[in-house]
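In what follows, a single structure is set out as structure tokens and then discussed.
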Amino acid sequence: MHDVEKTLILIKPDGVRKQLIGEVVSRFEKKGLTVLKLEMMSLSREKAQLHYAEHVGKPFYPPLIDFITSGPLVAMVLEGQRAISVARKMCGATDSALAEAGTIRGDYSIYNNQNVVHSSDSAESATREISIYFG
Ligand code: CMP
């Protein structure tokens with residue numbers, strides 16, 4: 001028996017624009033992860049900067065903030081055994097061009113910046129990110 005974890009998933013603005021909300025939620029549910037919270041929202045630049053604080057100074061940081069605030073996104077909290085690693089595996093590699101077929105990024109994007117989904121990378125990140133999106 002493994003620990004039950006919570007993780008934060010975003011369907012980023014490109015995923016919403018591509019009409020992938022149902023597809024992404026469905027994949028996670030079919031895998032056996034439980035949707036605890038789900039909300040469509042437009043992210044303020046302040047919250048985007050909080051989320052991506054670790055990337056300040058990197059060349060992709062300014063376009064990342066512009067992109068993540070460019071339209072509505074869907075934030076959700078998923079729960080299940082090993083939810084953090086399971087969800088990340090289902091999302092695939094950050095650079096969608098390198099992501100395996102069968103993963104969300106591998107199937108629905110070819111970019112590394114507009115890559116459909118975000119998935120927390122650790123228990124600490126999950127706690128921090130859930131509080132940014134859901135208070
Ligand atoms: P995400 O999982 O949301 O976390 C940080 C994001 O920065 C990442 O997904 C990508 O969208 C983006 N990112 C990471 N590395 C690069 C890169 N080299 N070029 C452009 N965007 C990047």
Side-chain angles (χ1 to χ4, degrees):
M1 196 72 177
H2 292 274
D3 285 349
V4 173
E5 299 172 337
K6 291 183 178 61
T7 189
L8 179 94
I9 302 293
L10 299 180
I11 304 173
K12 297 183 182 183
D14 60 323
V16 173
R17 282 193 279 266
K18 289 176 173 172
Q19 316 260 56
L20 291 172
I21 297 171
E23 172 67 23
V24 171
V25 173
S26 177
R27 284 185 179 218
F28 288 125
E29 286 198 302
K30 286 177 187 164
K31 179 70 176 172
L33 294 167
T34 300
V35 179
L36 284 188
K37 296 185 179 180
L38 186 150
E39 187 178 333
M40 192 169 197
M41 61 180 81
S42 293
L43 197 63
S44 65
R45 292 186 75 83
E46 290 71 24
K47 282 197 174 180
Q49 287 160 356
L50 267 181
H51 179 165
Y52 286 121
E54 68 181 289
H55 297 302
V56 171
K58 294 180 184 167
F60 61 83
Y61 176 78
L64 175 62
I65 298 298
D66 287 343
F67 162 62
I68 204 73
T69 58
S70 67
L73 57 73
V74 173
M76 59 186 139
V77 178
L78 299 183
E79 184 179 73
Q81 281 191 39
R82 290 187 281 179
I84 295 167
S85 60
V86 166
R88 280 182 70 82
K89 194 164 185 183
M90 291 177 70
C91 289
T94 302
D95 184 346
S96 306
L98 305 177
E100 297 285 343
T103 65
I104 294 166
R105 289 165 173 160
D107 289 350
Y108 298 117
S109 173
I110 203 164
Y111 307 112
N112 66 353
N113 48 353
Q114 304 202 9
N115 57 0
V116 186
V117 279
H118 166 82
S119 182
S120 304
D121 65 5
S122 66
E124 295 70 31
S125 298
T127 303
R128 192 181 72 83
E129 292 168 4
I130 289 168
S131 78
I132 292 171
Y133 288 85
F134 290 101

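Keep in mind that the numbers below use all heavy atoms, side chains included, and drop hydrogens, waters and symmetry copies. Nothing here was measured: the structure is a model prediction, and the numbers come from that model.
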Value for CG (Leu73) from CD1 (Ile11), rounded to nearest 0.5 Å, stands at 9.0 Å
Indicate yes or no for a side-chain donor-acceptor contact from Arg88 to the backbone of Ala83 under 3.5 Å, with no hydrogens or angles considered.
no
As a quick check of understanding, evaluate side chain to side chain contact (heavy atoms under 4.5 Å, CB included) for Val116 and Asp14, giving each step before the final call.
CA-CA 6 Å; Val116 186; Asp14 60 323; 3.7 Å; yes
Glu39 and Val74, any side-chain heavy atoms less than 4.5 Å apart:
no
Locate the shortest heavy-atom distance separating Ile68 from Pro13; write the atom from each residue and the value.
O-CG, 3.6 Å
Same cluster or not: Leu98 versus Phe60, using hydrophobic residues (I, L, V, M, F, W, Y) connected whenever any side-chain heavy atoms lie under 4.5 Å apart?
no
Spacing of Leu20 atom CG and Ile104 atom CD1 [to the nearest 0.5 Å]:
9.0 Å
Between Phe28 and Val86, is the side chain to side chain contact (heavy atoms under 4.5 Å, CB included) condition met? List the steps.
CA-CA 9 Å; Phe28 288 125; Val86 166; over 6 Å; no
So NZ of Lys18 and CD of Gln114: to nearest 0.5 Å the spacing works out to 8.0 Å
If hydrophobic clusters are built from ILVMFWY residues whose side chains come within less than 4.5 Å, do Val24 and Phe67 share one?
no
Donor-acceptor pair between Thr34 and Glu79 side chains, under 3.5 angstrom
no
Using the rule that Ile, Leu, Val, Met, Phe, Trp and Tyr join whenever any side-chain heavy atoms are under 4.5 Å apart, tell me whether Leu36 and Leu33 fall into a single cluster.
no
What one should report as the nearest heavy-atom pair of Ile84 and Glu5 is N-OE1, 3.0 Å
Answer with yes or no whether the hydrophobic clustering places Leu43 together with Ile9; edges join I, L, V, M, F, W, Y residues whose side-chain heavy atoms lie under 4.5 Å apart.
no
Reported CD1-to-CZ distance for the pair Ile130 and Arg128, which is rounded to 0.5 angstrom
11.5 Å
Starting at CD of Glu129, measure out to OG of Ser119 and round the result to the nearest 0.5 Å.
8.5 Å
With Arg45 via salt bridge (charged side-chain N to carboxylate O under 4.0 Å, His left out) - residues at least two apart
Asp66
Using only atom types and a distance under 3.5 Å, with no angle test, would you say the side chain of Asp107 pairs donor to acceptor with the backbone of Ala101?
no
How long is the span from the CD atom in Gln19 to the CD1 atom in Ile21, to the nearest 0.5 Å?
8.0 Å
Residues which pass side-chain hydrogen bond (donor to acceptor under 3.5 Å, both in side chains) with Tyr133, listed by chain and number, not counting sequence neighbours
His51
With a sphere of 6.0 Å drawn around NZ of Lys58, does it hold more than 12 non-hydrogen atoms of other residues, nucleotides or ligands?
yes
Is there a side chain to side chain contact (heavy atoms under 4.5 Å, CB included) between Val77 and Phe134 once you walk through the steps?
CA-CA 9 Å; Val77 178; Phe134 290 101; 3.6 Å; yes
Does a side-chain heavy-atom distance below 4.5 Å link Lys47 with Tyr52?
no
So, are Arg27 and Glu23 salt-bridged, with charged N and O less than 4.0 Å apart?
yes
Mark yes when over 12 heavy atoms from residues, nucleotides or ligands other than Tyr111 sit less than 6.0 Å from its OH; otherwise mark no.
no
According to a 4.5 Å side-chain heavy-atom criterion applied to Ile, Leu, Val, Met, Phe, Trp and Tyr, with indirect links allowed, do Val16 and Val117 form part of one hydrophobic cluster?
yes
Starting from the C-alpha separation in whole Å, work towards a yes-or-no answer on side chain to side chain contact (heavy atoms under 4.5 Å, CB included) for Met90 and Thr103.
CA-CA 5 Å; Met90 291 177 70; Thr103 65; over 6 Å; no
Restricting to non-hydrogen atoms, name the atom on Pro72 and the atom on Met40 that form the minimum distance, rounded to 0.1 Å.
CB-CE, 3.8 Å
Looking at Ile110, I'd like to know if its CD1 atom is crowded, meaning that more than 12 non-hydrogen atoms belonging to other residues, nucleotides or ligands lie closer than 6.0 Å.
no
Correct closest heavy-atom pair for Leu38 and Val25 would be CD1-CG2, 4.0 Å
Between the side chain of Ser96 and the main-chain N/O of Ala99, is any donor-acceptor distance below 3.5 Å?
no
